[in-house]
J.: 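The structure under discussion is supplied below as structure tokens; questions concerning it will follow.
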Amino acid sequence: SSTMSLSEAEVQSARGAWEKIYVDAEDNGTTVLVRMFTEHPDTKSYFTHFKGMDSAEEMKQSDQVRGHGKKVFTAINDMVQHLDNSEAFLGIVNPLGKKHATQLKIDPKNFRIICDIILQLMEEKFGGDCKASFEKVTNEICTHLNNVYKEAGW
């Protein structure tokens, strides 16, 4: 009873694509966040300790930015490992979504922004095929997170 719309082959190719970028989880996670904060400065308002940072260089060096970048990548990695087990997948997505919706009050559009930047980075580093094979996964993640938000009355 899978809630996933990914075939076994798609799961395998998505995992292969993700592995390439996850090898450098902290650096790539940092790059993704720094891009988000630079291109969408309003997203910085959710992170009190990043607020005063204006330069991308300063953000790249920040332990907090690096730590959160790694955290984001670790969470996605957990989801990627469970793409073929919807119960386990939702067991990760649901509490994460709930926390962001109720405690942190983060606009759900930011998940799409992060996913799009990850896809962009994959394409730059590993080409269009890598991006294409991970695109469906980001759609799954964002769809499920949005559902959690709806249930939380967002």
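Heavy atoms only: backbone and side chains are in, while hydrogens, waters and symmetry mates are out. We're numbering straight along the sequence, starting at 1. Quick caveat: nothing in here was measured; it's all calculated off a predicted structure.
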J.: Would you say that more than 12 heavy atoms from the other residues, nucleotides or ligands in this model lie under 6.0 Å from the CG of Asp129, or not?
T.: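 12 or below, so no.
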
J.: Are the side chain of Asn146 and the backbone N or O of Cys142 linked by a donor-acceptor pair below 3.5 Å?
T.: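 Yes, the answer is positive, given that a donor and an acceptor are paired below the 3.5 Å cut-off.
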
J.: To the nearest 0.5 Å, what is the distance between OH (Tyr22) and CG (Asn77)?
T.: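 So the OH of Tyr22 and the CG of Asn77 are separated by 4.0 Å.
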
J.: Could you pull out the closest heavy-atom pair between Ser5 and Glu140, with the gap in Å?
T.: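 It is OG-OE2, 2.6 Å.
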
J.: Just jot down the side chain to side chain contact (heavy atoms under 4.5 Å, CB included) partners of Glu10, sequence neighbours excluded, or say none.
T.: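 Checked Glu10 against side chain to side chain contact (heavy atoms under 4.5 Å, CB included); matches are Leu6, Ser7, Lys136.
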
J.: Between the main-chain N or O of Asp27 and the side-chain N or O of Asp24, is there a donor-acceptor pair closer than 3.5 Å?
T.: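 Not at all, since once roles are kept as given, no pair shorter than 3.5 Å links the two residues.
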
J.: Just wondering, do Ser62 and Met53 contact through their side chains at under 4.5 Å, heavy atoms?
T.: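 Yes, at least one pair of side-chain atoms sits under 4.5 Å.
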
J.: Heavy-atom count check: over 12 atoms from other residues, nucleotides or ligands less than 6.0 Å from Asp42 CG?
T.: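 For Asp42, atom CG is crowded (more than 12 foreign heavy atoms under 6.0 Å).
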
J.: What are the two closest non-hydrogen atoms of Tyr46 and Leu104, and how far apart are they?
T.: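 Result for this residue pair: CD2-O, 4.3 Å.
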
J.: Distance check, rounded to the nearest 0.5 Å: Met122 atom CE versus Asn28 atom CG?
T.: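 If I round to the nearest 0.5 Å, the distance is 9.0 Å.
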
J.: Main chain of Leu96, side chain of His100: is a donor-acceptor contact present, judged purely on distance under 3.5 Å?
T.: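 At least one qualifying donor-acceptor pair exists.
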
J.: Can you list the residues that meet the side chain to side chain contact (heavy atoms under 4.5 Å, CB included) rule with Gln103, with sequence neighbours excluded?
T.: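 Partners of Gln103 under the side chain to side chain contact (heavy atoms under 4.5 Å, CB included) test: Lys99.
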
J.: Please name the pair of heavy atoms, one in Phe134 and one in Ala17, separated by the smallest distance, quoted to 0.1 Å.
T.: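 What the structure gives for the nearest pair is CB-CB, 4.4 Å.
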
J.: Can you confirm whether His144 sits close enough to Phe89 that some side-chain heavy atom of one is under 4.5 Å from a side-chain heavy atom of the other?
T.: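 Yes, side chains in contact.
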
J.: Please examine the side chains of Val11 and His82, heavy atoms only from C-beta on, and report whether any two atoms are closer than 4.5 Å.
T.: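 No, every pair of side-chain atoms sits at 4.5 Å or beyond.
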
J.: If you take all heavy atoms of Cys130 and Ser133, which pair is closest and at what distance?
T.: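 It is O-OG, 3.0 Å.
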
J.: What heavy-atom pair brings Met79 and Val93 nearest, and what distance separates the two atoms?
T.: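 Here Met79 and Val93 meet closest at SD-CG2, 3.9 Å.
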
J.: Determine, stepwise, if the pair Phe37 / Met59 fulfils side-chain contact (heavy atoms from CB on, under 4.5 Å).
T.: CA-CA 9 Å; Phe37 293 147; Met59 289 181 223; 3.6 Å; yes

J.: Please check: side-chain N/O of Arg15 versus main-chain N/O of Val80, any donor-acceptor pairing under 3.5 Å?
T.: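 Pair found, side chain donor or acceptor close to backbone of Val80.
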
J.: How long is the gap from CZ on Phe73 to OG1 on Thr31, to the nearest 0.5 Å?
T.: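 The distance works out to 8.0 Å.
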
J.: So do the side chains of Asp84 and Glu8 get within less than 4.5 Å of each other, counting heavy atoms only?
T.: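 Asp84 reaches Glu8 side chain to side chain.
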
J.: Can you name the closest pair of heavy atoms from Ala14 and Val137 and give their distance?
T.: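 What the structure gives for the nearest pair is CB-CG2, 3.4 Å.
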
J.: If you apply the rule salt bridge (charged side-chain N to carboxylate O under 4.0 Å, His left out), what do you find for Asp54 with Lys44, and how did you get there?
T.: CA-CA 10 Å; Asp54 288 323; Lys44 272 199 299 188; 3.6 Å; yes

J.: First locate atom CH2 of Trp18, then atom CD of Gln81, and finally report the distance between them rounded to the nearest 0.5 Å.
T.: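 Between atom CH2 of Trp18 and atom CD of Gln81 there are 9.5 Å.
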
J.: I'd like to know if Arg35 and Glu124 make a salt bridge, using a cut-off of under 4.0 Å between side-chain N and carboxylate O.
T.: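 Salt bridge between Arg35 and Glu124, a charged N being under 4.0 Å from a carboxylate O: yes.
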
J.: Which atom pairs, one a donor and one an acceptor, fall under 3.5 Å between side chains of residues 105-121 and the rest of the protein, sequence neighbours left out?
T.:
residue: Lys105; atom: NZ; partner: Thr102; partner atom: O; Å: 2.6
residue: Asp107; atom: OD1; partner: Lys109; partner atom: N; Å: 2.9
residue: Asn110; atom: ND2; partner: Asp107; partner atom: O; Å: 3.3
residue: Arg112; atom: NE; partner: Asp116; partner atom: OD1; Å: 3.2
residue: Arg112; atom: NH1; partner: Asn139; partner atom: OD1; Å: 2.8
residue: Arg112; atom: NH2; partner: Asp116; partner atom: OD1; Å: 3.1
residue: Arg112; atom: NH2; partner: Thr138; partner atom: OG1; Å: 3.1

J.: Within a strict 4.5 Å, meaning less than it, do heavy atoms of the Phe47 and Gln64 side chains meet?
T.: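 Side chain of Phe47 against side chain of Gln64, heavy atoms only: no contact under 4.5 Å found.
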
J.: Roughly how far, to the nearest 0.5 Å, is OG1 of Thr30 from CD of Gln61?
T.: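 Nearest 0.5 Å value for the CD-OG1 distance: 9.5 Å.
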
J.: First locate atom CD of Glu26, then atom OG1 of Thr74, and finally report the distance between them rounded to the nearest 0.5 Å.
T.: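 Between Glu26 CD and Thr74 OG1, I get 9.5 Å after rounding to 0.5 Å.
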
